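Computed from a predicted model, the values in this text were never measured in an experiment.
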Amino acid sequence: VYTKTLEAIMTNQDNRPVILTGDRPTGQLHLGHFVGSLRSRVGLQDSHHQHLLLADAQALTDNADNFEKVRRNILEVATDYLAVGIDPTKTTICVQSCLPALNELTMLYLNFVTVSRLERNPTIKAEIQLRGFERDIPAGFLCYPVAQAADITAFKATVVPVGEDQIPMIEQTNEIVRRLNRQIGQEVLPECKALLSNMSRLPGFDGKAKMSKSLGNTIVLDATDKDIKKAVNAMYTDPNHLRIEDPGQVEGNIVFTYLDAFDPNKEEVEELKAHYRRGGLGDGTVKKRLEGVLKELITPIRERRMELAKDPDYIMDILKTGTEKCRIITQDTLDEIKNGLGVFHF
Ligand code: TRP
């Protein structure tokens, strides 16, 4: 199956658009990833040529003191992919640090990007603040959007499913694409588009704007029933909804935000919202429903994940096969760019 898929990728015979997206392997994936991208990736793998990049090299740009953590999480994230339904016969999964062509492309692209442009990237600015780097920014960190442009263009991807925070990376990629094509005098690289999910940011269960491991407000993809119950019980509702009879507020009520994101029965959710607004519906009842919905979603993922975790060699094999295929794809693009730019070669 794989060989056939590879041929199709290399020549793109059937004209399916190419997707590249990825994750930094710094921890297990959680429901925020599920809503923001995993769910749509599972749906896209039939209609697109999809490549998933385990972006370990990018993760190292702010984990220079923790290579071990990043290495360990490659397998964790790959297991998460398979557990949610990414099918390795349809989607190629590869490891970034094992694709040397990406580094060469990054070095070439850096010649076409100014330091002030790097410093202007709003996501980078926010991340520098968040991580408290002040002036001590690792140079690799400042440059990672250029490396990300190398990732995307090496696969000639035109569709990049990502969260909102990655839009500046797509813009910076397209600037590099235009600059390179102009330099080469030919449309060697295609521009790409971000594909945003309709819910690209899930708040943490504590009501904070973002679900994130560092904030300790995540629900992981193999959460137990007990974990789920605990998280749902801790959820922020409407602080003014003191008695069941009181009218309650749905906006900003995290339990309803989660129901919107995960409950398959939209109609019933709308009825619940109306009832809550009118008064007479207790937080406990709404939370019970959410708990059920989350259990139904997570239980099969957790069970598949447990099965998969018994056979790490199987997952490593998938990564190895995927990475080998991607080595060819990325090397081809690198050769094309080097030729176009007129880089010396023997
Ligand atoms: N920057 C992305 C993130 O933090 C991960 C990533 C690396 C990526 N390379 C990519 C996403 C290429 C899309 C395309 O989530």
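Pairing each heavy atom of G32 with each of L202, the nearest pair is N-CD2, 3.9 Å. In terms of heavy-atom proximity, P25 sits nearest to V77 at CA-CG2, 3.9 Å. Annotation for L105 and A154: closest pair CD1-CB, 3.6 Å, computed over non-hydrogen atoms. Considering every non-hydrogen atom in both K287 and N233, the closest pair reads NZ-O, 2.8 Å. Shortest non-hydrogen contact noted between I152 and C192 is CG2-SG, 3.9 Å. Shown here for L99 and R327, the closest heavy-atom pair between the two residues is CD2-N, 3.5 Å.
Side chains of V286 and N253 form no contact here, defined as non-hydrogen atoms less than 4.5 Å apart. For the pair C143/L110, a side-chain contact is recorded, criterion being any heavy-atom separation below 4.5 Å from C-beta on. Residues V113 and Q172 have side chains in contact (heavy-atom distance under 4.5 Å, counting atoms from C-beta outward). Considering only heavy atoms from C-beta on, K210 comes within 4.5 Å of R201 through its side chain. Residues K213 and V220 have side chains not in contact (no heavy-atom distance under 4.5 Å, counting atoms from C-beta outward). Using a 4.5 Å heavy-atom threshold, the side chains of I244 and L281 count as separate. Side-chain contact between I128 and I124 is present, with at least one heavy-atom pair separated by less than 4.5 Å. A 4.5 Å side-chain heavy-atom check between D260 and V269 finds at least one atom pair inside the cut-off.
A donor-acceptor contact closer than 3.5 angstrom links the side chains of D222 and Q28. Side-chain contact of Q96 with D151: a donor-acceptor pair under 3.5 Å is present, judged by distance alone. Under 3.5 Å, the side chains of T91 and Y81 contain no donor-acceptor pair of N or O atoms. Side chains of N103 and T106: a donor-acceptor N/O pair is absent below 3.5 angstrom, by distance only. For the residue pair Q45 and R41, no side-chain donor N or O sits within less than 3.5 Å of a side-chain acceptor on the partner.
Under the 4.0 Å criterion applied to side-chain N and carboxylate O atoms, K295 and E291 are assigned as salt-bridge partners. Looking at E76 and R305, a side-chain N of the basic residue comes within less than 4.0 Å of a carboxylate O on the acidic one, giving a salt bridge. Between E307 and K310 there is a salt bridge, since a side-chain N of the basic residue sits under 4.0 Å from a carboxylate O of the acidic one. Ionic pairing of R72 and E68 is present here: one or more N-O contacts between side-chain nitrogen and carboxylate oxygen are shorter than 4.0 angstrom. Salt-bridge check for D225 with R302: passed, with a basic side-chain N closer than 4.0 Å to an acidic carboxylate O.
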(request) Would you check, one step at a time, whether the test side chain to side chain contact (heavy atoms under 4.5 Å, CB included) holds for D263 with L272? (result) CA-CA 12 Å; D263 195 319; L272 277 181; 5.7 Å; no
(request) Check the pair L189, I337 against side chain to side chain contact (heavy atoms under 4.5 Å, CB included), reporting the backbone distance first and the verdict last. (result) CA-CA 9 Å; L189 298 174; I337 301 279; 3.7 Å; yes
(request) Decide side chain to side chain contact (heavy atoms under 4.5 Å, CB included) for T21 and L52; before the verdict, give the C-alpha distance in whole Å, the side-chain angles of both, and the deciding distance to 0.1 Å. (result) CA-CA 5 Å; T21 183; L52 292 187; 3.4 Å; yes
(request) Could you go through the side chain to side chain contact (heavy atoms under 4.5 Å, CB included) check for L29 and L38 one step at a time? (result) CA-CA 9 Å; L29 301 183; L38 292 176; 3.9 Å; yes
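In this structure, F256 and Y276 have perpendicular ring planes: the angle between them is above 60°, well past the 30° mark.
With T123 contributing its side chain and D165 its backbone, the two residues share a donor-acceptor pair below 3.5 Å. Using a distance-only test at 3.5 Å, with no hydrogens or angles considered, a donor-acceptor pair links the side chain of N181 to the main chain of V188. In this structure, T92 contributes its side chain and P88 its backbone to no donor-acceptor pair below 3.5 Å. Listed for the T330 side chain is no donor-acceptor partner under 3.5 Å among the backbone atoms of A101. No donor-acceptor pair closer than 3.5 Å links the side chain of Y109 to the backbone N or O of V177. For the pair D227 (side chain) and T224 (backbone), a donor-acceptor distance under 3.5 Å is present.
To the nearest 0.5 Å, atoms CE (M107) and CG (L334) are separated by 12.5 Å. The line from CE of M169 to CD of Q58 is 7.0 Å long, rounded to the nearest 0.5 Å. Summarising the geometry, atom CZ belonging to R304 is positioned 13.0 Å from atom OG1 belonging to T79; distances are rounded to the nearest 0.5 Å. In this structure, NZ on K156 lies 14.0 Å from CG on L20, to the nearest 0.5 angstrom. The NZ atom of K69 sits 4.0 Å away from the CG atom of N63 when rounded to the nearest 0.5 Å. Remark: I184 CD1 to K338 NZ distance equals 13.0 Å, nearest 0.5 Å.
For an aromatic pair to be called close, the ring centres must be under 6.0 Å apart, and Y144 with F141 satisfies this.
Other residues, nucleotides and ligands contribute only 12 or fewer heavy atoms inside 6.0 Å of the OH atom of Y236. Remark: L215 CG is packed, more than 12 non-hydrogen atoms of other residues, nucleotides or ligands lying under 6.0 Å away. Heavy-atom neighbours of E296 CD from other residues, nucleotides or ligands within 6.0 Å: at or below the threshold of 12. In the displayed structure, Y314 atom OH is contacted under 6.0 Å by at most 12 heavy atoms of other residues, nucleotides or ligands. Other residues, nucleotides and ligands contribute over 12 non-hydrogen atoms within 6.0 Å of the NZ atom of K266.
Connection of V146 to V343 is established within a shared hydrophobic cluster, with ILVMFWY side chains joined at heavy-atom distances below 4.5 Å, either directly or through further cluster members. Taking hydrophobic clusters as Ile, Leu, Val, Met, Phe, Trp and Tyr residues chained together by side-chain heavy-atom distances below 4.5 Å, F155 does not share a cluster with L180. Hydrophobic clustering (side-chain heavy atoms under 4.5 Å, transitive across Ile, Leu, Val, Met, Phe, Trp, Tyr) groups V42 together with F262. Note on V35: it clusters hydrophobically with M211, by side-chain heavy-atom contacts below 4.5 Å among ILVMFWY residues. Residues L319 and I86 share a single hydrophobic cluster, defined by chaining ILVMFWY side chains whose heavy atoms lie under 4.5 Å apart.
Tested against I19, the residues H51, Q50, H49 include a single side-chain contact (heavy atoms from CB on, under 4.5 Å) partner, Q50.
Within the structure, salt bridge (Lys or Arg N to Asp or Glu O under 4.0 Å) pairs that include any residue of residues 246-259 comprise R243-D246, E251-R277 (at least two apart or interchain). Here salt bridge (Lys or Arg N to Asp or Glu O under 4.0 Å) pairs that include residues 47-64, with residues two or more places apart or in two chains, are R24-D62, D62-R131.
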